[in-house]
Amino acid sequence: MGVTRRVVIVGAGFGGLSAARAVAGPDVEVEVVDRRNHHLFQPLLYQVATAGLEPSDIAYAVRGIVRKERGVRFTAADIVGADLDARVLHTAGGRDIPYDTLVLAAGARTADFGITGVAEHAFGLKSLNDAMAIRQHMLEQFERCAVRPELVDDGALSIVVVGGGPTGIEMAGAMSELFTRVMRADFPELDLTRAQVELVEMAPEPLGPFHPKLRKHAVDQLERRGVTMHLGRSVKEVTDDGVLLDDGTFLSAATCVWAAGVEAEPLGRMLGLETGKAGRIVVDGSLRVPDRPNVFVIGDLAAATDKKGELLPQLAPVAMQQGRHVAKVMDAVAEGRKPPVFRYTDKGSMATIGRGAAVAQVPGGIRFGGTLAWLAWLVLHIYFLIGFRNRISVLVNWAWNYLTWDRAARVVHGVVAPEAPEAPEARDDASERAAG
């Protein structure tokens, strides 16, 4: 019987769970560590934010996942440091976690690029808390406007989405459909034609990695759905009542969703490892930290490159393939072979714009949009969801939404805080100034 190797994986995302499954075996003890106790299907976060799905539809308890894998267990803990020479991780709770092999797969977080007001006034979209905060805020705005309809003219129901990648495109399209198909029926007393959904993208076109024809298709579909596009424009400042663009244009909006980019979780700097662009940890061709052959970095956290030396995209398929690659390297080292170099196999990209509209491209020059791409997107996302219950729940919700244009997750948690009307004295003073 061989010596048991202890593998610790930090992060229960796509990459971390892929690595856990791949390295698990009779002579391997695997411990997955994450500050949250659930795996999150991030590609559908925007549907939680737009009241299409509930949080439990796209999240699954990590313990329920790993209990099916031999020799794999989970610990909910926040990593605060490490002694890499002694091969020990330190947690916020004071427990030390020893390892023989360490896999860092902590993912990424929203990047504000130092732009004024983003951290204070914009909503990110990287966690369930983010999605629920957007949904709660948006629903509260509608309830307040139902009491004081004049707030609509001040941008209370307007939304600015910053970032023209798949997340931004999907969020803008979903918000537009929510307004025109669902909330209009809920709030017939409000003139929702005055509520704006606006998308800001600093590039001349959204969906940069996609073929130009697919980009144009996305723009046409968004504009058809009433989304106003600000292309070739960047954000100068975000305030509590809108977004200031670099050309001086001010977009009045009570809600700003920041989907303009991400940066790696600061785990690399915390552990004293070399980092590159956007805080991603430098790795060699086999995804190991230079001079630390027992430390792997995968997923959004890794500064892994392709054959041209370009950073690999921070996508779930990349992380999953890298997780499986960790096991190949470990096997090669155990057998005295040269560790294989990681090569990402691009299986294509997809983005949905709304009902019956999506874009997809796969290797070999195959590109398509419209209903076919939308159906392919639906099937693929159902397939990659973890848990039979989650798949059924999402499928039922999508079917109901398709048949009725209804979204059930429109509950405001807690009491809606009233929008205080302007004081009579202030109104009188304002009237006198206007008259004067």
Side-chain angles (χ1 to χ4, degrees), residues 40 42-52 55 107-142 144-145 151-152 154-176 178-179 195-203 206-208 222 227-266 278-279 300 314 351 412-413 417 419:
L40 179 63
Q42 287 189 349
L44 293 181
L45 267 177
Y46 81 95
Q47 293 211 1
V48 174
T50 55
R109 63 182 184 178
T110 300
D112 61 17
F113 307 110
I115 297 174
T116 302
V118 173
E120 295 83 4
H121 305 296
F123 293 93
L125 193 59
K126 292 296 291 180
S127 69
L128 283 178
N129 286 343
D130 291 340
M132 289 301 294
I134 294 171
R135 189 169 90 184
Q136 180 86 355
H137 172 78
M138 177 194 66
L139 294 175
E140 286 182 345
Q141 292 299 109
F142 270 94
R144 289 167 180 158
C145 287
L151 294 175
V152 178
D154 297 329
L157 297 184
S158 294
I159 294 175
V160 176
V161 180
V162 182
T167 299
I169 292 294
E170 291 166 354
M171 173 61 79
M175 279 292 187
S176 177
L178 177 68
F179 279 25
Q196 301 292 315
V197 178
E198 308 192 67
L199 180 74
V200 179
E201 166 56 40
M202 66 184 301
L207 298 177
L222 285 172
V227 177
T228 302
M229 311 286 286
H230 301 272
L231 303 177
R233 297 267 67 90
S234 60
V235 174
K236 185 176 181 181
E237 182 180 0
V238 179
T239 68
D240 62 353
D241 60 353
V243 175
L244 178 64
L245 303 185
D246 58 350
D247 63 352
T249 301
F250 185 78
L251 308 177
S252 295
T255 309
C256 174
V257 178
W258 193 262
V262 297
E263 62 183 4
E265 286 285 351
D300 297 349
Q314 291 168 295
V412 175
H413 296 272
E419 184 74 30

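Excluded from the calculations below are hydrogen atoms, water molecules and symmetry mates; all remaining heavy atoms, backbone and side chain alike, are included. The structure presented is a predicted model; accordingly, all values stated were derived computationally and were not measured.
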Q: Drop me the distance from Phe142's CZ to Leu151's CG, to the nearest 0.5 angstrom.
A: 12.5 Å
Q: Is there side-chain contact between Ser158 and Leu251, with heavy atoms separated by less than 4.5 Å?
A: no
Q: Would you say that Ser252 contacts Gln196 through its side chain, given a criterion of any heavy-atom pair below 4.5 Å between the two side chains?
A: no
Q: Using every non-hydrogen atom in the two residues, find where Leu207 and Pro166 come nearest and quote the distance to one decimal.
A: CD2-N, 3.6 Å
Q: Does any non-hydrogen side-chain atom of Thr255 lie less than 4.5 Å from one of His137?
A: yes
Q: With sequence neighbours left out, write down each residue that passes side-chain hydrogen bond (donor to acceptor under 3.5 Å, both in side chains) with Asp112, or none if nothing qualifies.
A: none
Q: Parallel, tilted or perpendicular, judged at 30° and 60°: which one describes the rings of Trp258 and Phe113?
A: tilted
Q: Work out which heavy atom in Met138 is nearest to a heavy atom in Phe179; give both atom names and the distance.
A: SD-CE1, 4.2 Å
Q: Can you confirm whether Glu198 sits close enough to Ile159 that some side-chain heavy atom of one is under 4.5 Å from a side-chain heavy atom of the other?
A: no
Q: Side chains of Leu45 and Leu128: closer than 4.5 Å at any heavy-atom pair?
A: yes
Q: Quick one: list whatever passes salt bridge (Lys or Arg N to Asp or Glu O under 4.0 Å) with Asp240, sequence neighbours left out.
A: none
Q: Give a yes or no on whether Met132 atom CE has more than 12 heavy-atom contacts from other residues, nucleotides or ligands under 6.0 Å away.
A: yes
Q: Specify the closest pair of heavy atoms between His121 and Val238, including all atoms of both residues, with the distance to one decimal.
A: CD2-O, 3.3 Å
Q: To the nearest 0.5 Å, what is the distance between CG on Leu157 and CE on Met175?
A: 11.0 Å
Q: Taking Glu201 for its side chain and Ala203 for its backbone only, find out whether a donor-acceptor pair lies under 3.5 Å.
A: yes
Q: So Glu237 and Ile115, side-chain contact (heavy atoms from CB on, under 4.5 Å) or not? Walk me through it.
A: CA-CA 6 Å; Glu237 182 180 0; Ile115 297 174; 5.5 Å; no
Q: Quick check for you: to the nearest 0.5 Å, what is the distance between Glu170 atom CD and Leu125 atom CG?
A: 10.0 Å
Q: Just wondering, do Leu199 and Leu222 contact through their side chains at under 4.5 Å, heavy atoms?
A: yes
Q: In Å, rounded to the nearest 0.5 Å, how long is the span from OG of Ser176 to CE of Met171?
A: 13.0 Å
Q: Leu245 and Phe250: side-chain contact (heavy atoms from CB on, under 4.5 Å), yes or no, with the steps?
A: CA-CA 6 Å; Leu245 303 185; Phe250 185 78; over 6 Å; no
Q: Rounded to the nearest 0.5 Å, how far apart are CG of Leu178 and CD of Gln47?
A: 11.0 Å
Q: Run Met202 and Arg233 through side-chain contact (heavy atoms from CB on, under 4.5 Å) and show every step you take.
A: CA-CA 4 Å; Met202 66 184 301; Arg233 297 267 67 90; over 6 Å; no
Q: Will you find, in the side chains of Thr249 and His230, an N or O donor that is under 3.5 Å from an N or O acceptor?
A: no
Q: Nearest heavy-atom pair of Thr167 and Ala259: which atoms, and what distance?
A: CG2-CB, 4.0 Å
Q: Between Glu263 and Arg109, is there a side-chain N and carboxylate O pair less than 4.0 Å apart?
A: yes
Q: Give the minimum heavy-atom separation between Gly124 and Ile134, together with the two atoms involved.
A: O-CD1, 3.6 Å
Q: Apply side-chain contact (heavy atoms from CB on, under 4.5 Å) to residues Val160 and Val200 and explain how you reach the verdict.
A: CA-CA 7 Å; Val160 176; Val200 179; 3.9 Å; yes
Q: Write down the atom of Gly107, the atom of Asp300, and the distance for their closest heavy-atom approach.
A: C-CB, 3.8 Å
